[in-house]
**Student:** 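Quick one: the structure is below, questions incoming.
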Amino acid sequence: MSEGLRQAFDLSLFWDYRVILLHGFAVNVLVFLCAAVLALSAGLGAALLRVNAWFPLRWLGTLHVEVFRNAPDYVMLVWVHFVLPLIIGLAIRRRVEFHPFASAVLALGLVYSGYFAETFRAGIQAIPRGNLDAGRAFGMSERLILWRITLPQVVRRMLPEALNQFISLFKATTIVSLIAVPDLMYDVSMVTQQEMRPLPLYTGAALAYFLVIFILASGVRAFSERWRRKILA
Amino acid sequence: MSAIPRIRVVDVHKRFGTLEVLRGVSFDVHAGNVVSVIGASGSGKSTLLRCINYLEKPNSGEVYIEGEPLGSRLDAGGRRRPRPLADINKMRRELGVVFQQYNLWPHMTVLGNVVEAPIRVRRLPRAEATALAEECLRRVQLTDKAGEYPARLSGGQQQRAAIARALAMRPKAMLFDEPTSSLDPELTDEVLGVMRELAADGTTMIVATHEMDFAREVSDRVIFLHDGQIEEEGAPAELFVRPKSERLGRFLSKYRK
Amino acid sequence: MGNWERLVWNQRDALLSGFTVTVEVCVIAFAAAIVGGLVLCLVRLYVAPLRPVAVVLIEFFRDTPIFVQLMWVAYVWPELFGFPRSFFAAGWIALALQSSGYLAETFRAGIEGVPRGQREAAFSAGMSPLQTFARIVMPQVALASAPSIVNQFTVIVKSSTLISVITVPDLMSQSQRLVNIWYEPIEILTATAAIYIVFVFLISATGKLLADYLRRRYGLAMA
């Protein structure tokens, strides 16, 4: 076991390949950023549908949220990459293929739009109705009320929770290697096949992710503490 | 006094589900006048005010702002059609509203609250709106709190800020929905003082209130609402001293010290 | 569509066996996570010398992505520790580790959320610390955390889809095997996705009902 331990923590191998692995990590970050944009916008859209006065729109929003929130990331990833192009291809009678990066962004973005939608919805419904009445009384259009009164308060209120969901999304990007997106885990498995030494590589990956996420999560925790105190003063 | 009343309410009915809250309320408010609406809780005072600016849509009846009906308008062909919401919004600019819960927007400073509608709805340039806001804050004696967030203000200060916010739109009339009911007794005087000054300046006001002294001393007319209908109305000197209806008499005796 | 019948309904045995494996792994992982989370939490709170160890472990299990943990447990642990000897075990161990980190924090919040006055009342009545803990604190923690715990189960179910990568024959595995045989992914994968979504939805809905029931019965606001 000590031989194994020594091998596992012989991170020099991990260090040797650091350039490639760093590239892979950058791919994770890129996937994260693109998916985050999609998740935020689709999530906001779905949340607004959920609080709409018209029942069919509400139902649509709920459907969106329940389908994507309850779908496992990996299942959605595989489905978007392998099934969706075929369905579209059938509809337009042409062969369609998705670039793995696009599939990854689309799949993760949609899944997390479900989580964000719930976060936004809770924030929207927490705004005292009087705030909106005052806006209407002054002749503000619903759109103006949304942008100037509702959304600023939603962001302030839900920022800590949203940050946590961003961290979850970032962790979720580790699965994109499974549809051949050349991220960190993909590179690790490639190098492993070459070097035949999984211990230091997978240990290194685990430690690397742990460090990055730990720093981010701690930062978010500290920030959220101060933020909540400031907002709820 | 012009012939057309600033605000005319005609036979307004309002129902919530099976509960009938307003059962045919009609009255006029002329320019420069102060009309107080008194009545027990549940008599429909708040609902009446909320119907006047169509925060609640009346089930029947109409509200006229200087002769224009809020609920309908003539279309291009001269036919009467329901007024779209965007249009109602435009007309709402002419009515300033002060709510019982102040309803200041918590994520903006006091000054931010006051300039928001003038800038976004009346589209005033920021400099002009700021000058206007500062004047309104001066009128309610809140100049030193302009940069504060509402959470740091007392109830009385928040309500005065809300009054400044409504004034900044230069409305044709001001609606006060029980403005002092949420305030601690020590704080009501500062708000009532501001309201008295506004009345003395000739502001057209409709005030739903429990403050009988204010109603008696400042109003031109008083309306007593009971169970969704006007039980009695008239000049304060008569209403308070020689109430015609027995209910009003009992209601007033509860407030007599 | 005839395809649905051919590809999905006729293969239901394979899919069912996969689903069974999924449920097995998830249930075992869930039980282990509750135990592990409880142990970590109690050590962190009450065993002073081991506190830093517990804190680091909790952070490590929470912050490392599940896929990375899975690979690590499946490929590194056997050489390091001699176990797990099967990929099935690697699967539930990795899932349990990840969730135990979250549950440890949930339990900690629950324990710290019990008003101090309640402990004082118990002590004043002559109860020992252990009795107080078992009869007063933990029942409330269990009730208050129940919705979060149910939620962790949905997390486990959703994460369990990855164990197909380490060749555990779960539902995902079976459906991918079928796709490789029949080369027609649309019906099979869509049906698989639907099964997972409905399954997780049902668990979530149960959790919500549970939360509502607890709130009504005990007036507990934590969820």
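Since this is a predicted model, take the numbers as computed values, not measurements. Reminder, nothing fancy here: chain letters follow the sequence lines and each chain counts from 1.
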**Student:** Quick one: CD1 on Ile145(A) to CG on Asn89(B), what's the gap to the nearest 0.5 Å?
**Tutor:**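 Result: 7.0 Å between the selected atoms.
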
**Student:** How long is the gap from CZ on Arg148(A) to CE on Met108(B), to the nearest 0.5 Å?
**Tutor:** 4.5 Å

**Student:** Closest approach of Asn131(A) and Trp105(B), non-hydrogen atoms and distance?
**Tutor:** O-NE1, 2.9 Å

**Student:** By a 4.5 Å heavy-atom criterion (distance strictly below it), what part of Leu104(B) contacts chain A: side chain, backbone, both, or neither?
**Tutor:**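 Only the backbone of Leu104(B) comes within 4.5 Å of chain A.
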
**Student:** Chain A heavy atoms under 4.5 Å from Arg165(B): which part of the residue, side chain, backbone, both or neither?
**Tutor:**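 Contact with chain A: backbone and side chain both.
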
**Student:** Answer yes or no: are there more than 12 heavy-atom neighbours, outside Arg170(B) itself, under 6.0 Å from its atom CZ?
**Tutor:** no

**Student:** How long is the gap from CZ on Phe138(A) to CG on Leu95(B), to the nearest 0.5 Å?
**Tutor:** 11.0 Å

**Student:** About how many Å separate CD of Glu142(A) and CG of Leu85(B), when rounded to the nearest 0.5 Å?
**Tutor:** 6.0 Å

**Student:** Highest number of heavy-atom pairs under 4.5 Å with chain B: which of Leu144(A), Ile149(A), Ile127(A)?
**Tutor:** Ile149(A)

**Student:** With a 4.5 Å cut-off on heavy-atom pairs, point out which of Met169(B), Arg152(B), Arg120(B) contacts chain A the most.
**Tutor:** Arg120(B)

**Student:** Can you tell me which of Arg122(B), Glu116(B), Gln101(B), Met91(B) forms the most heavy-atom pairs within a distance under 4.5 Å of chain A?
**Tutor:** Glu116(B)

**Student:** For each of Gly135(A), Gly130(A), Ser141(A), tally heavy-atom pairs with chain B at distances under 4.5 Å, and name the one with the top tally.
**Tutor:** Gly130(A)

**Student:** How close do Ala137(A) and Val97(B) get, heavy atom to heavy atom, and via which atoms?
**Tutor:**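 Result for this residue pair: CB-CG2, 3.7 Å.
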
**Student:** Check for a donor-acceptor pair, side chain of His107(B) on one end and backbone N or O of Val154(A) on the other, with a separation under 3.5 Å.
**Tutor:** no

**Student:** Is Arg15(B) atom CZ crowded by more than 12 heavy atoms from other residues, nucleotides or ligands, each under 6.0 Å away?
**Tutor:** no

**Student:** Which bit of Gln100(B) is near chain A, if near means a heavy-atom gap under 4.5 Å: side chain, backbone, both or neither?
**Tutor:** neither

**Student:** At a 4.5 Å cut-off on heavy atoms, which part of Ala86(B) comes close to chain A: side chain, backbone, both, or neither?
**Tutor:** neither

**Student:** Side chain, backbone, both or neither: which part of Arg129(A) has a non-hydrogen atom closer than 4.5 Å to chain B?
**Tutor:**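 For Arg129(A), the contact with chain B is made by the side chain alone.
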
**Student:** At a heavy-atom separation under 4.5 Å, does Arg156(A) approach chain B through its side chain, its backbone, both, or neither?
**Tutor:** side chain

